[in-house]
Amino acid sequence: MNNLNKRAVPGNGRTIDIVKKGLNKRYRKERRFRVFGWAAVMISLGFLFLLFISIISNGYTAFQQTMVRLDVYLDTDVIDKDDLAGADYAKLIHEALLSVYPDVTKYNEKRKLYELVSTGAAYRLRDFVAKNRHAIGTTIQIWVPADDDVDMLIKGHIDRKTPQSRRRINDRQLAWVDHLISRGQVKKVFNMTFFTSGDSREPELAGIWGAVCGSFYTLIVTLVLSFPIGGAAAVYLEEFAPKNRWTDIIEVNINNLAAVPSIVYGLLGLAVFLNFFGLPRSVPLVGGLVLTLMTLPTIIIVGRSALKAVSPSIREAGLSIGASKVQLVAHHVLPQALPGMLTGTIIGMAQALGETAPLLMIGMVAFIVDIPAGFTDPSTVLPVQIYLWADSPERAFLEKTSAAIMVLLLFLMIMNATAVFLRRIFEKRQ
Amino acid sequence: MKKMIVISIVLVYLSILGIAQARAGAARDYISIVGSSTVYPFATVVAENFGKKTRFKTPKIESTGSGGGHKLFGSGIGVAHPDITNSSARITKSQLEKDFKNGVKEVVEVKIGYDGIVVANSRQAMVFRLNRKDLFLALAKQVPVAGNKGALQQNPYKTWKQINALLPDVKIEVFGPPPTSGTRDAFVEMAMEGGANTFTWIATLKKTDKKRYKEICHTIREDGAYIEAGENDNLIVDKLSKSPDALGILGFSFLDQNTDKIQGSFIDGVQPTFQAISDGFYPVSRPLFFYVKKAHVDTIPGMREYLAEFTSETAWGDDGYLTTKGLIPMPEKERRKYKKIVEELTPLTLDDLN
Amino acid sequence: MNQEQTTGHPHIRPGRSPLVERTERATVGQTTVEDPRISCKNVAVYYDAKKAISNINLDIGRNEVIAMIGPSGCGKSTFLRCLNRMNDTIEGCTVSGQIFMDGKNIYDSDVDVVPLRAQVGMVFQKPNPFPKSIYDNIAYGARIHGLVQNRDETDELVVGSLKRAGLWGEVKDRLKMSGTSLSGGQQQRLCIARAIAVNPEVILMDEPCSSLDPIATAIIEELIDELKQDYTIVIVTHSMQQASRISHRTAYFYQGDLVEVGSTDQVFLNPLHQLTEDYITGRFE
């Protein structure tokens, strides 16, 4: 019985005193840990903030576009009513500009004058005439996009103070622009073109709609293929496959595949889908197939861990009532694992949305103007569009690049929010 | 749940059907173009204008690099293969022979103009007056030892003044493209080889020991004086405007678009301007080409019209829209020659490449 | 002071035969019954190479409540899970011996576990309702086995099962609510209702009250008392009081052996085995 009174702790003093003495040190440690954690979060948030700041400050101007109003005389000598498409609309635009500045006569000066408005102005005029045939022979007012250099000037990206030789807009042009502004013939409008048109080499005519459509078709193919295949593979491996060396090998390989650089999938896609199956280049179908290969490992791994996380007591409940294995999985395990699997799929999709490297190999890194209308139309995707614009020499593409990044980020945010939302819904249902 | 499974199975089925359909109806109604990233900015503008002016679809243009483009182009006849490849270098005899072997019997060569490679620096600094020898000595990994014919040493030069007393006393720091870039290839071939050839013993190596010659001329120093700035020339422009002492190697069109920030250095006494490159005075410039598969001209809709658009004066002429994108036009006589080739679709023969 | 107990026979009471020694592990007591519902012969379970239980011979009679008691890890739950082959789902678990139901060994290779488990229901230690509505929880088993053909039959079954489980009054207004939203005791009764909805012949209960408070426990015990009219109930419990309150017979497990079986009164009042007595008198170490 004496043993019980002996201290289990060596040394003297009451436990409470010893604990109190060490308390400060303990709290200091905890505080230090908290500070580290806080600092880590702040640093990453800071970088994120910087990223957003730089992208937004570079790109917000892209959502506006400078337009120039021209009074165009739809000359019947130029427009043949029976052949609207064949008319020289550029000539009409040029004449409209010359009518404002009749003193411009030298060839080089004329060219500089014409450069104030976009080459796309002629096509705008063509479309206008096609819709308003009755206007032929009259003078109309039409707003056409300004040239990208003028646009940059209006938006303040070109410094008026630099000497003329170092400016893309010369003094004469500057005077014209100022004059047009004073006459109210220049205005900034919301840049609809950016959201409705395909790629262009003229920054003022370039838009992301083509790339958005391409991304959409590509991701549809990816989703439709990777979710059922990945889900089925995860269910089979987790629930039905015997545990032996073969399934071990498969598991290890799936984990390895998840870490393979994405360009490798592009090479695989080139070899299999293009060269072997003879599918066309640059189409969302093939892009989707390649991205399916890329996202499958992620979906399978996430799906398996979601299945693993289903509580064994639910399995026992199902089995004990006499459910067969398939019934158990279909009725109880899958509904429980579905939110996790969906989250995995959406994360995989978001990954696929941001991918360019594998698409390079199958020809989706390309200049494509027409908006794709289906799975087998040549198309490109959003990140590729960003890459192509970032690589273009024209200054005005800088803001387009940032604006496109904003759109891409927006889509990523929407997708991730969807993942969170879906998980909430499923969790509530249970 | 059941519904979802059924729907996804149906969708998978449909997409498989779609694949089958895509294979069956493989006729292509748009022009497929591949090739050089240098020609890409010009070809895209032509394609876009062509697409807007005509009822045809806008051609699809992939920037695969000259070599990669030619490989795709020359792999066979049929809709699966591209119709046109752009190239920043003339086709080689062996490439053409390979094309012939793969059934691509008739290839039409079209020269479209010139591209200059410029060595530029910030507007805030003095204009550099370089010659190609200076560039070679500044950038090669190994340079000849002065007064000792045939001997090489690790590049010892740290400042421009050490190379040429007329140059300023600033550190050698050059931003340039990585080895995968076509611009780098062209720079190495035209500037570095040109500079190396000023040493007669190296120039003779070209005939006697081509491998060693290439090793001397094409190997760029790796001690930090040459900084690979990525494929994106915009990045180089950006870096130059921030570090006034540095030089950068980039395509002429990027200089043309950024004259407010950077200026082109004189090379062998010539500054890179439109006129100088077009007239052939500027030494670091190269012709640009595209190659057309004649067999596709009548099977792919719009081929003739595209070729006509590219070779029209409004496109590649002295005042054509390609010049605003930085293409340096050919002299009028040459333009007429190639226009005729396009109209008659005269195929290239092996003898033409000698 | 323990010396005496392990060597001598201190518990020889007047008029009684001496207790069986601790080292003796063969089952003592009445293992067989007339016309058994379930009859186990030489049942042994191994987890990989580790023995869990061995040499179990036990008959379970019709409409009786038999309680399995014993210290933790003695193998009573393992034995219980043999009776509906729930051990099959555990990796590395092997079962030998025979368990006869209706004259058929349920471990024969041609036996399908699905009908077996429809016949032998189970209630677990921790209430585990499906994350579905109360209604679907009850209806599920009957639906998959095809016991109900239409909505009316299903409604009837759900109401009947909930009434039998004594849960009807508490949940009749919220059948659409999730089963997991109920309290612990209600959940456990829901699980019992779910088990009886399939109309099994045997119900296995694995410590059904261990996670419940005394009031909920009392309700469940009452329920078991009612159910024994129609079902054979095998219950594993840690509580000897519970065993003595609800069971007809009691089986005492110790270290993987079935040490003693007998009527509950006999086991608790006049145990035949020294180990049993150690346990019921609390001298178990």
Side-chain angles (χ1 to χ4, degrees), chain A residues 85 107 111 115 119-120 122-123 126 158-159 162 165-168 198-202 205 220-221 223-225 227-229 231 274 277-283 285 288-289 330-331 334-335 338 360 363-370 374-378 388 390-395 397-398, chain B residues 1-2 5 8-9 11-12 14-15 18-19 21-23 25-26 28 30 32-34 37 40-41 43-45 47-49 51-55 57-64 72 79-80 82 123 231-235 237 251 253-261 263 319 321 324-326:
Chain A
Y107 174 74
R111 263 197 78 185
E115 277 174 13
T119 52
Y123 306 114
R126 182 186 66 188
I158 290 179
D159 190 356
T162 46
S165 62
R166 302 183 192 174
R167 236 192 282 127
R168 285 203 43 90
D199 196 7
S200 169
R201 282 312 313 287
E202 307 300 331
L205 303 178
I220 286 288
V221 173
L223 181 68
V224 158
L225 291 175
F227 183 58
I229 296 176
L274 297 190
F277 286 115
L279 293 174
R281 274 179 83 82
S282 317
V283 299
L285 178 66
L289 285 168
H331 298 158
L334 256 188
L338 210 56
L360 188 74
M364 285 186 86
V365 179
F367 175 73
I368 288 153
V369 175
D370 298 334
F375 296 103
T376 50
D377 278 357
L388 289 175
D391 213 17
S392 301
E394 289 83 2
R395 180 82 59 82
F397 272 122
L398 183 73
Chain B
M1 186 67 217
K2 255 184 208 150
I5 293 173
S8 35
I9 289 170
L11 281 175
V12 170
L14 280 180
S15 59
I19 294 172
Q21 214 178 15
R23 288 195 62 191
R28 183 148 54 70
Y30 56 90
S32 170
I33 302 173
V34 294
S37 53
Y40 173 87
T44 46
V45 180
E48 191 177 342
N49 277 294
K52 284 200 174 124
K53 278 185 196 165
T54 65
R55 63 195 159 78
K57 284 195 171 177
T58 309
K60 177 194 85 183
I61 305 182
E62 282 178 60
S63 167
T64 59
L72 287 167
V79 286
R123 280 263 174 207
E231 297 263 11
N232 188 336
D233 286 1
N234 275 329
L235 227 59
V237 173
S253 50
F254 286 84
L255 172 67
D256 187 45
Q257 290 280 340
N258 293 286
T259 42
D260 57 335
K261 289 179 179 167
Q263 56 194 353
D319 299 311
Y321 55 75
T324 62
K325 291 289 171 189

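Excluded from the calculations below are hydrogen atoms, water molecules and symmetry mates; all remaining heavy atoms, backbone and side chain alike, are included. Letters go in sequence order (proteins before strands), and every chain restarts at 1.
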Heavy-atom cut-off 4.5 Å, strictly under: side chain, backbone, both or neither for [X] against chain B?
X: A:Leu388; result: side chain
X: A:Asp159; result: neither
X: A:Leu274; result: neither
X: A:Thr162; result: neither
X: A:Phe375; result: neither
X: A:Ser392; result: backbone

Using heavy-atom distances under 4.5 Å, tell me whether [X] contacts chain A through its side chain, its backbone, both, or neither.
X: B:Ile33; result: neither
X: B:Pro59; result: backbone
X: B:Tyr321; result: neither
X: B:Thr44; result: both

Compare every heavy atom of [Y] with every heavy atom of [X], then report the nearest pair and how far apart it is.
X: A:Glu202; Y: B:Glu48; answer: N-OE1, 4.1 Å
X: A:Asp370; Y: B:Thr58; answer: OD2-N, 2.8 Å
X: B:Phe254; Y: A:Pro393; answer: CE2-CA, 3.4 Å
X: B:Lys53; Y: A:Arg126; answer: CA-NH1, 4.4 Å
X: B:Glu62; Y: A:Arg281; answer: OE1-NH2, 2.5 Å
X: A:Ala366; Y: B:Tyr40; answer: C-OH, 4.4 Å

Qualifying residue for side chain to side chain contact (heavy atoms under 4.5 Å, CB included) with B:Lys60, from A:Asp377, A:Val369, A:Ile368, A:Val283: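 When side chain to side chain contact (heavy atoms under 4.5 Å, CB included) is applied between B:Lys60 and each of A:Asp377, A:Val369, A:Ile368, A:Val283, only A:Ile368 qualifies.
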Side-chain heavy atoms of A:Tyr123 within contact of B:Asn49, under 4.5 Å: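 Heavy-atom side-chain distance check passes, below 4.5 Å.
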Backbone N/O of B:Pro41 and side chain of A:Arg201: donor-acceptor pair under 3.5 Å: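 Between the backbone of B:Pro41 and the side chain of A:Arg201 there is a qualifying donor-acceptor contact (under 3.5 Å).
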Interface residue of largest heavy-atom contact number with chain B, from A:Ser200, A:Gly288, A:Ala122, A:Gly374, under 4.5 Å: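 Of the candidates given, the most pairs with chain B belong to A:Ser200.
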